[in-house]
Novice: 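What follows is a single structure, and I will ask about it in a moment.
By convention in this document, chain letters (A, B, ...) are assigned in the order of the sequence lines, proteins followed by strands, and residues within each chain are numbered from 1.
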Amino acid sequence: MLLKDIIKLTDSKLLSGDENKEINGCYIGDLLSLAMSKVQKDNIWITIQSNINIVAVASLTEAGCIIICEGFDPDDGVVSRAKDENISILQSQLSAFEISKILVCNGF
Amino acid sequence: MAALTMHYTVDGNDFTLAGDCSSKVKKSLTQLGFDPATIRKVAIAMYEGEINMVIHANGGFIDVSIEPDKIVAVLNDHGPGIADINKAMQEGFSTASNKVRELGFGAGMGLPNMKKYSDEMNISTKIGEGTIVTLTFYTNKTNN
Ligand SMILES: Nc1ncnc2c1ncn2[C@@H]1O[C@H](COP(=O)(O)OP(=O)(O)O)[C@@H](O)[C@H]1O
Ligand SMILES: [Mg+2]
């Protein structure tokens with residue numbers, strides 16, 4: 001699924017990065033060590049973590065995008081770092097469950 | 001080919017830079033054409049080691065040597081040392097502070113992940129003096 005379709009379906013806001021890329025698979029979780037070993041290349045990573053370290057984890061795992069869920073705002077510097085590293089960050093008001101439900105129901 | 005060596009300083013006071021060294025190593029390995037599976041293993045293990053240096057040991061330095069058949073990372077800090085390595089190696093064991101946990105660290109999975117994703121891990125530590133973790137990755141074990 002293209003990132004721009006994910007944005008539309010989940011009513012998310014694109015804070016950084018490219019929306020014209022193919023995304024596959026998803027990992028949900030807030031512990032960085034687990035995300036580090038579980039997030040695969042091109043995955044969505046859904047988390048409520050909003051500190052700068054999520055950019056390093058997404059970059060090292062080559063995540064397709066981060067969705068910061070439940071309406072949390074990224075800390076200062078997160079979006080600019082993400083732009084530098086070419087990491088796509090979405091912000092959604094929905095919960096991780098609601099986001100996954102919508103995506104699965106739409107064939108993700 | 002002579003080994004390519006890299007030296008990095010890990011700033012123990014700056015959480016925002018944590019992961020920088022691992023990112024740089026990952027970029028170099030990508031440029032050198034190592035296979036993605038090897039790069040992923042190195043990135044995960046080194047990131048965990050680098051984070052430990054920041055959250056437990058007030059920083060230090062990392063030396064990486066890259067050869068065609070193996071990558072060796074030596075992570076050296078002058079932190080408090082590890083009192084009980086067996087305990088520290090258990091999944092879920094962590095002495096991380098609440099402040100650090102709120103950032104998503106301190107799951108107690110760092111050392112187990114480093115062991116899992118490296119081919120060899122050696123820890124040399126002395127209370128009050130510091131810790132040296134050596135991670136070795138053999139690139140011929142994957143389909144490089
Ligand atoms: N470089 C280090 N210096 C001192 N103590 C360390 C170091 N690395 C790990 N430790 C100790 O080992 C424990 C387990 O480490 P780890 O598995 O990475 O979990 P976490 O970092 O989430 O606490 C840490 O909580 C800490 O007590
Ligand atoms: Mg750790």
Novice: Quick check on B/K116 against chain A: is it the side chain, the backbone, both or neither that has a heavy atom closer than 4.5 Å?
Specialist: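 Neither part, no heavy atoms under 4.5 Å.
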Novice: Of the backbone (N, CA, C, O) and the side chain (C-beta and beyond), which part of A/S50 lies under 4.5 Å from a heavy atom of chain B, both, or neither?
Specialist: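 For A/S50, neither part sits under 4.5 Å from chain B.
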Novice: For A/N20, I'd like to know if atom CG has over 12 heavy atoms of other residues, nucleotides or ligands within 6.0 Å.
Specialist: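 Buried by this count: over 12 neighbours within 6.0 Å.
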Novice: Sort A/N53 into side chain, backbone, both or neither according to what part of it lies under 4.5 angstrom from a heavy atom of chain B.
Specialist: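 Both parts, heavy atoms under 4.5 Å.
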Novice: Run the salt bridge (Lys or Arg N to Asp or Glu O under 4.0 Å) check on A/D42 and A/K21 step by step: do they pass?
Specialist: CA-CA 9 Å; A/D42 300 329; A/K21 61 173 167 185; over 6 Å; no
Novice: Less than 4.5 Å to any heavy atom of chain B: does that hold for the side chain of A/I52, its backbone, both, or neither?
Specialist: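 Side chain only.
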Novice: Is there a donor-acceptor pair under 3.5 Å between the side chain of A/W45 and the backbone N or O of A/G29?
Specialist: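 Pair found, side chain donor or acceptor close to backbone of A/G29.
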Novice: Decide yes or no for B/L111 and B/F93: does some side-chain heavy atom of the first lie under 4.5 Å from some side-chain heavy atom of the second?
Specialist: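 A side-chain contact under 4.5 Å is absent here.
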